[in-house]
Amino acid sequence: GKTTLCEALLQAGGTIQTAGPIERRTTVSDFDPMEKERGHSINSTITSIDHDGTHINLIDTPGYPDFRGPTLSALSAVETCAVVVNAATGIEHGTQRLMHYAKARRLCRLLIVNKIDHEGIDLEMLVEQLRDMFGPECLPINLPTDGGNTVADCFFKPDGASDFSSVAEAHQRIIDQVVEINEDVMGHYLEDGEAGLSGEELHNAFEQCLREGHLVPICFVSARTGAGI
């Protein structure tokens with residue numbers, strides 16, 4: 001689902017007007033005739049979006065093991081590695097390998113759980129499996145709601161409904177994880193609670209957590225419907 005996700009991001013960022021479905025062979029990333037014929041990526045493709053004054057380069061990489069070379073090569077050119085997990089199939093061998101390589105390169109890592117609106121999935125169990133496999137630093141930054149049709153932000157908003165777990169609990173886990181990385185931030189938090197932290201302090205501590213591998217956000221999305229994009 002990486003190419004479909006990339007299309008959704010390009011549309012949300014205003015780079016393209018309409019996301020091209022893979023079935024119609026009109027995606028930005030899979031432009032090679034062989035990719036269109038096979039219906040999956042063979043080469044890595046660079047695209048970009050501009051959001052809130054920030055220019056973001058996206059590299060859509062192949063997912064099939066036969067074309068792992070271009071994917072691994074792309075790791076040397078990025079600051080953050082976003083590993084997409086299919087909610088219907090769960091943790092695959094490629095997921096494990098890419099998380100291992102990204103961690104070895106000390107890259108910021110994101111786990112993006114796609115297809116959250118798929119029928120018959122257990123997202124709560126998947127979160128437990130991700131944390132067992134990749135460590136307790138893997139924490140949801142949003143949670144699916146309304147059967148996966150929408151998501152609830154867990155970082156900026158401490159309350160709200162969710163399909164499983166609790167937004168308040170997920171929010172507290174993230175804050176606890178973020179503040180302990182910096183002594184000054186931790187001191188302010190212990191003295192005055194979350195209300196005593198400025199937005200800049202939280203933002204800087206969050207980025208430090210990502211850079212040092214102290215936090216691996218789990219982000220729930222549906223590239224098809226746009227939930228979580």
Side-chain angles (χ1 to χ4, degrees), residues 5-6 8-15 47-59 74-75 77-85 98-99 102-114 116 127 130-131 134-145 150-162 165-221 223 226-229:
L5 176 61
C6 189
L9 290 169
L10 290 174
Q11 183 184 22
T15 302
T47 60
S48 63
I49 58 177
D50 291 281
H51 181 68
D52 285 347
T54 300
H55 183 74
I56 304 169
N57 292 311
L58 304 171
I59 303 181
L75 293 180
V78 300
E79 296 174 334
T80 302
C81 178
V83 180
V84 181
V85 179
L98 284 174
M99 285 291 286
K103 184 176 182 179
R105 283 185 171 272
R106 298 183 178 180
L107 294 172
C108 302
R109 289 169 293 153
L110 288 170
L111 283 164
I112 301 181
V113 179
N114 190 25
I116 61 172
V127 170
L130 290 170
R131 287 169 57 82
F134 303 118
E137 64 270 22
C138 300
L139 293 172
I141 198 170
N142 66 8
L143 285 172
T145 66
T150 58
V151 298
D153 173 32
C154 298
F155 184 62
F156 293 105
K157 298 178 181 179
D159 50 27
S162 61
S165 185
S166 158
V167 172
E169 180 182 337
H171 174 81
Q172 193 59 54
R173 284 186 175 183
I174 293 176
I175 295 299
D176 290 343
Q177 189 80 356
V178 166
V179 298
E180 69 180 25
I181 197 73
N182 185 292
E183 290 186 5
D184 292 336
V185 175
M186 173 64 87
H188 292 165
Y189 180 69
L190 292 176
E191 289 177 7
D192 304 313
E194 187 178 342
L197 299 175
S198 68
E200 184 178 2
E201 281 183 310
L202 270 179
H203 177 273
N204 292 340
F206 187 88
E207 282 202 348
Q208 184 180 350
C209 280
L210 291 176
R211 288 194 305 270
E212 298 183 9
H214 191 66
L215 173 65
V216 178
I218 300 173
C219 184
F220 291 96
V221 304
I229 296 297

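One-based numbering along the sequence shown.
A distance of 11.5 Å separates CG in Leu107 from CG in Leu210, rounded to the nearest 0.5 Å. Expressed to the nearest 0.5 Å, how far CD1 of Ile116 lies from OG1 of Thr145 amounts to 8.0 Å. In this structure, CG in Leu75 is found 6.0 Å from CZ in Arg105, a value given to the nearest 0.5 Å. Atoms NE2 and CD1, on His171 and Ile141 in that order, are 11.5 Å from each other to the nearest 0.5 Å. To the nearest 0.5 Å, atom CD of residue Glu194 and atom CD of residue Gln172 are 7.0 Å apart. In this structure, CD1 in Ile229 is found 5.0 Å from CG in Leu9, a value given to the nearest 0.5 Å.
Contact annotation: the side chain of Val221 approaches that of Asn114 to within less than 4.5 Å [non-hydrogen atoms, C-beta and beyond]. For the pair Leu202 and Ile175, the minimum side-chain heavy-atom distance is below 4.5 Å. The shortest distance between side-chain heavy atoms of Leu111 and Met99 falls below 4.5 Å. Contact annotation: the side chain of Val178 never approaches that of Tyr189 to less than 4.5 Å [non-hydrogen atoms, C-beta and beyond]. Contact check for Pro217 versus Phe206: side-chain heavy atoms found under the 4.5 Å cut-off.
The backbone N or O of Pro136 sits less than 3.5 Å from a side-chain atom of Arg131, completing a donor-acceptor pair. Using a distance-only test at 3.5 Å, with no hydrogens or angles considered, no donor-acceptor pair links the side chain of His55 to the main chain of Asp50.
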**Message:** Evaluate Val113 against Leu130 for side-chain contact (heavy atoms from CB on, under 4.5 Å), listing each step before the verdict.
**Reply:** CA-CA 10 Å; Val113 179; Leu130 290 170; 4.1 Å; yes
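Nearest heavy atoms, Phe220 versus Val127: CZ-CG2, 3.5 Å. Nearest heavy atom pair, residue Pro140 against residue Cys154, reads O-CB, 4.2 Å. Of all non-hydrogen atoms in Gln177 and Leu215, the two that sit nearest each other are CG-CD1, 4.2 Å. Contact detail for Val185 and Ala205: the closest heavy-atom pair is CG2-CB, 4.4 Å. Residues Cys6 and Thr47 share a closest heavy-atom pair of SG-OG1, 3.6 Å. Pairing each heavy atom of Pro158 with each of Phe156, the nearest pair is CD-O, 3.8 Å.
Evaluated for a side chain to side chain contact (heavy atoms under 4.5 Å, CB included) with His214, the options Glu180, Glu137, Gln208 yield exactly one hit, Glu180.
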